[in-house]
2 protein chains.
Amino acid sequence: MKSVTIKDVAKRLNVSISSVSRAFNNSYDIKKETRERILRTAQEMGYYPNPIAQKLTQKKTFNIGVVVPEFINEYYSEVIRGIQDILTSLGYQVLIMQSDNKHERELKNVKTLIHNMMDGLIICPSVKSKNMDYYLDEINKGYPIVFLNRIEQSFPANKVLFNNTKWGFFATEHLIYQGYKKIYHLSGSNDLGITKDRTQGFIKALAKHGFSKDDYKVIETGILPENAMARVQELIDNKDLPEAFMCVNDLVALSTISVLRQNQIEVPNDIGVVGFTETKIADLVSPKLSSVKQPTYEMGKSAAEMLMKVIKKETMSSNTIILNGSLNIRESSIRANQ
Amino acid sequence: MKSVTIKDVAKRLNVSISSVSRAFNNSYDIKKETRERILRTAQEMGYYPNPIAQKLTQKKTFNIGVVVPEFINEYYSEVIRGIQDILTSLGYQVLIMQSDNKHERELKNVKTLIHNMMDGLIICPSVKSKNMDYYLDEINKGYPIVFLNRIEQSFPANKVLFNNTKWGFFATEHLIYQGYKKIYHLSGSNDLGITKDRTQGFIKALAKHGFSKDDYKVIETGILPENAMARVQELIDNKDLPEAFMCVNDLVALSTISVLRQNQIEVPNDIGVVGFTETKIADLVSPKLSSVKQPTYEMGKSAAEMLMKVIKKETMSSNTIILNGSLNIRESSIRANQ
DNA sequence: CTGAAAGCGCTAACAT
DNA sequence: ATGTTAGCGCTTTCAG
């Protein structure tokens with residue numbers, strides 16, 4: 001694995017290593033001819049400046065690190081697409097690390113990335129992270145970091161967010177306007193700020209429309225199918241069914257519909273269902289799933305653009321960008337005429 | 001962004017930098033006390049060996065690079081989980097790059113990763129890549145690379161694969177056993193080896209069971225919903241419908257079912273459908289989707305384990321691991337009694 | 001325009 | 001057990 005170094009090239013052409021360096025860095029103070037000659041034979045010899053060595057002497061690496069908690073649905077995949085589309089067009093390379101929803105792993109990932117001299121970081125935190133001190137320290141040292149999703153709005157850093165409370169509210173209100181009188185929310189973990197916010201939105205909407213305690217319920221199912229299915233089955237067994245479900249995400253919504261169907265309960269004729277964080281299949285299943293679409297791709301783009309500004313020191317303060325979503329009403333929440 | 005270096009620590013304690021280095025590398029030739037003293041004040045000062053500098057002098061970085069073409073479905077997400085589970089337990093860090101299905105970007109990613117001194121690479125190629133020379137060169141130089149999926153079985157390198165032909169065959173044969181007499185295959189692009197293989201399997205199964213040219217068709221829809229939906233609608237309009245569809249993947253299968261439903265054609269009562277590369281929702285939709293499950297997580301694990309062997313030089317030759325899948329028969333391909 | 005030399009932060013002989 | 005020194009491959013003054 002011995003590779004060609006700057007010295008080899010220099011020796012071969014009887015020039016100094018500085019000249020070779022200059023040739024590659026497009027320096028002004030080098031004769032065009034020598035430059036070309038050097039580049040040519042370097043090419044031949046398969047020489048390429050060693051980025052590690054470059055990093056040791058320079059400040060910029062043109063590498064950006066991205067930390068995500070997971071890839072289980074399309075969410076972060078699209079965020080990453082947004083990030084990459086902006087960044088690669090500007091000549092940056094994007095290195096991704098996955099934290100598996102564990103804060104410790106996330107911290108380790110961030111450190112690895114920083115130590116590997118990324119020019120900046122986009123961090124999608126795992127959970128309402130306890131230990132943000134390290135990040136704050138780095139930011140204060142001047143290290144460019146932008147956060148995306150799952151972070152408190154009050155956190156003093158650059159970040160791009162989605163307003164889960166607001167859209168949880170709208171999704172619920174849509175159900176109310178459809179005339180559903182008893183609505184349950186299948187919620188995510190209370191440890192997760194974003195799903196907690198959806199629950200807040202749910203409760204706010206009910207409060208606004210004068211629902212009484214008997215007319216709604218929040219059931220913490222988490223975001224995975226198995227548990228959601230079990231809880232819905234319980235409700236059926238206990239004859240404790242609402243007229244509609246507001247679900248923490250599409251997977252839970254689909255699971256709910258599936259269990260209901262197994263029990264000969266039809267959506268939306270018997271019960272209405274609305275999902276959240278719309279996935280591609282919302283439009284392909286039957287009934288088509290109503291859901292809140294998050295601007296994932298745009299969030300990635302915004303975060304990348306924000307990071308660029310931070311790197312170029314065009315912004316100092318802690319900016320927060322909150323992007324808008326949309327409520328896509330399809331079949332699963334359209335109440336039959338009565 | 002000035003950070004503490006080994007010198008600072010040395011100066012502070014009036015020891016040489018070698019001692020500090022030794023302390024951190026757990027070298028045998030250092031007194032326990034000094035070691036502890038150094039580590040303690042290093043801690044205080046916030047010192048941490050600069051990995052870039054370390055890389056310049058050492059060979060090992062304990063970083064592994066992974067290149068994937070995309071994240072659009074769960075496929076590569078699970079592969080990555082498999083890879084990470086093995087590698088992080090061995091003290092490695094996994095850096096991921098995404099090629100967006102473009103060979104050029106893939107090549108650039110690979111170079112970035114190699115130049116950043118990853119100890120090894122797991123490459124999931126984008127398409128039947130034309131230009132594999134660079135990879136071959138690196139492998140010949142002794143650089144540890146393992147390929148995963150979407151690569152010719154004949155390619156002389158370590159790789160882990162799925163036998164798409166075989167499982168395409170099984171999926172089709174299942175349809176035949178169900179008694180479907182006319183079967184169409186909605187195929188992926190012919191440029192993509194893996195989907196082409198599924199088509200091969202499809203054709204083989206039909207040949208084995210004596211289907212005539214009139215009883216089947218291969219329609220190249222690609223792997224995205226929009227086009228598949230349009231093509232299926234065309235078939236309906238032309239009254240050119242088969243008794244069953246063998247689809248290149250779940251998304252296309254779901255799209256097909258969706259279009260059929262819009263035209264009052266029910267699956268599986270009127271037409272059978274089977275998918276490929278099973279996704280989580282196969283079990284949640286109605287009708288539940290029959291599909292071929294690929295061992296994604298295991299493929300990731302195998303690739304990681306293989307890479308470790310290559311790195312430890314426990315293997316030299318070009319090994320190929322082919323993992324088994326399963327055909328999960330659900331509702332969408334169960335032919336009604338006649 | 002080009003070369004010599006210092007230095008980036010660290011490791012690894014080589015001394016002592 | 002500890003210090004000294006020579007690199008690792010490159011960039012960047014500083015001379016000329």
Side-chain angles (χ1 to χ4, degrees), chain A residues 1-39 41-42 45-63 111-112 114-119 141, chain B residues 1-43 45-63 111-112 114-119 141:
Chain A
M1 281 176 48
K2 206 71 236 85
S3 48
V4 206
T5 80
I6 197 171
K7 269 188 197 163
D8 302 326
V9 182
K11 199 167 293 170
R12 176 87 103 79
L13 270 71
N14 275 319
V15 295
S16 71
I17 57 167
S18 347
S19 296
V20 179
S21 174
R22 284 189 186 99
F24 270 88
N25 290 296
N26 238 318
S27 190
Y28 64 98
D29 52 355
I30 188 168
K31 214 197 311 182
K32 213 173 183 182
E33 296 164 22
T34 26
R35 191 181 116 80
E36 276 161 8
R37 199 158 49 100
I38 290 173
L39 254 28
T41 54
M45 300 174 69
Y47 169 75
Y48 192 94
N50 178 335
I52 303 287
Q54 285 182 310
K55 284 183 192 183
L56 204 54
T57 47
Q58 295 176 138
K59 350 85 228 60
K60 269 189 92 64
T61 65
F62 282 97
N63 284 174
K111 286 184 179 171
T112 300
I114 291 183
H115 293 150
N116 274 281
M117 296 201 173
M118 300 290 118
D119 287 349
K141 276 192 216 160
Chain B
M1 280 176 58
K2 206 68 243 87
S3 48
V4 207
T5 79
I6 197 171
K7 270 188 196 164
D8 302 325
V9 182
K11 199 166 294 171
R12 175 88 102 80
L13 270 71
N14 275 320
V15 295
S16 72
I17 56 167
S18 352
S19 295
V20 180
S21 174
R22 283 187 188 102
F24 271 88
N25 290 297
N26 238 317
S27 189
Y28 63 98
D29 51 357
I30 187 168
K31 215 196 311 182
K32 214 175 183 178
E33 297 162 22
T34 26
R35 191 180 117 80
E36 277 161 8
R37 200 159 48 99
I38 290 172
L39 254 27
R40 198 165 351 101
T41 53
Q43 173 83 279
M45 300 174 68
Y47 168 74
Y48 192 95
N50 178 335
I52 303 287
Q54 286 182 310
K55 284 183 192 183
L56 204 54
T57 47
Q58 296 176 139
K59 351 84 228 60
K60 268 189 93 63
T61 65
F62 281 97
N63 283 174
K111 285 183 180 171
T112 300
I114 290 182
H115 294 150
N116 273 282
M117 296 201 173
M118 301 291 119
D119 287 348
K141 277 190 213 159

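Naming convention: chains lettered A, B, ... in sequence-line order (proteins, then strands); numbering from 1 in each chain.
- Separating the CG atom of A:Asn50 from the C1' atom of D:dG7 is a distance of 14 Å, rounded to the nearest angstrom.
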Watson-Crick and G-U pairing of DNA chain D, under 3.5 Å, as dot-bracket with | and [ ]: ||||||||||||||||
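- Qualifying side chain to side chain donor-acceptor pair (under 3.5 Å) partners for A:Thr34, counting only residues two or more places apart in sequence or in other chains: none.
- Here B:Arg37 contributes atom CZ and B:Lys31 contributes atom NZ; the two are 8.0 Å apart, rounded to the nearest 0.5 Å.
- The side-chain heavy atoms of B:Val15 and B:Val20, taken from C-beta on, include a pair separated by under 4.5 Å.
- The residue B:Asn14 sits close only to the backbone: its heavy atoms come under 4.0 Å of sugar-phosphate atoms, none of a base.
- As rounded to whole Å, 12 Å separates atom P of C:dG9 from atom NZ of B:Lys11.
- Residue-level contact check: B:Lys7 touches the backbone only, with heavy atoms under 4.0 Å from sugar-phosphate atoms and none from bases.
- For the pair B:Ser19 and B:Leu56, both in contact range of DNA chain D, the more 5′-proximal nearest nucleotide belongs to B:Ser19.
- For B:Lys60, the salt bridge (charged side-chain N to carboxylate O under 4.0 Å, His left out) test picks out B:Asp119, with sequence neighbours left out.
- Here D:dC10 presents its P atom at 14 Å from CG of B:Asn116, a figure rounded to the nearest Å.
- Near DNA chain C, meaning a heavy atom under 4.0 Å from it, residues 31-39 of chain B has no residue at all.
- Using a 30° and 60° split on the angle between ring planes, A:Phe24 and A:Tyr47 fall in the perpendicular class, above 60°.
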Short heteroatom pairs, N/O only, protein and nucleotides 11-14 of chain C, under 3.5 Å:
residue: C:dT11; atom: OP1; partner: B:Asn25; partner atom: ND2; Å: 3.3
residue: C:dT11; atom: OP1; partner: B:Gln54; partner atom: NE2; Å: 2.9
residue: C:dT11; atom: OP2; partner: B:Ser21; partner atom: OG; Å: 2.6
residue: C:dT11; atom: O4'; partner: B:Thr57; partner atom: OG1; Å: 3.2

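- Applying the side chain to side chain donor-acceptor pair (under 3.5 Å) rule to A:Asn116 yields the partners B:Lys55; only residues at least two apart in sequence or on another chain are considered.
- Here B:Ile17 pairs with B:Ile6, B:Lys7, B:Ala10 under the side chain to side chain contact (heavy atoms under 4.5 Å, CB included) rule; sequence neighbours left out.
- The separation between A:Lys55 atom NZ and D:dC8 atom C1' is 16 Å, rounded to whole Å.
- Applying the side chain to side chain contact (heavy atoms under 4.5 Å, CB included) rule to B:Ile114 yields the partners B:Val110, B:Leu121, B:Tyr134, B:Glu138, B:Tyr143; only residues at least two apart in sequence or on another chain are considered.
- In terms of the salt bridge (charged side-chain N to carboxylate O under 4.0 Å, His left out) criterion, residue partners of B:Arg22 (sequence neighbours excluded) are, by chain and number, B:Asp29.
- Here A:Ser16 pairs with A:Ser18, A:Ser19 under the side chain to side chain contact (heavy atoms under 4.5 Å, CB included) rule; sequence neighbours left out.
- Listed by chain and residue number, nothing satisfies the side chain to side chain contact (heavy atoms under 4.5 Å, CB included) test with B:Asn14 (two or more places apart in sequence, or in another chain).
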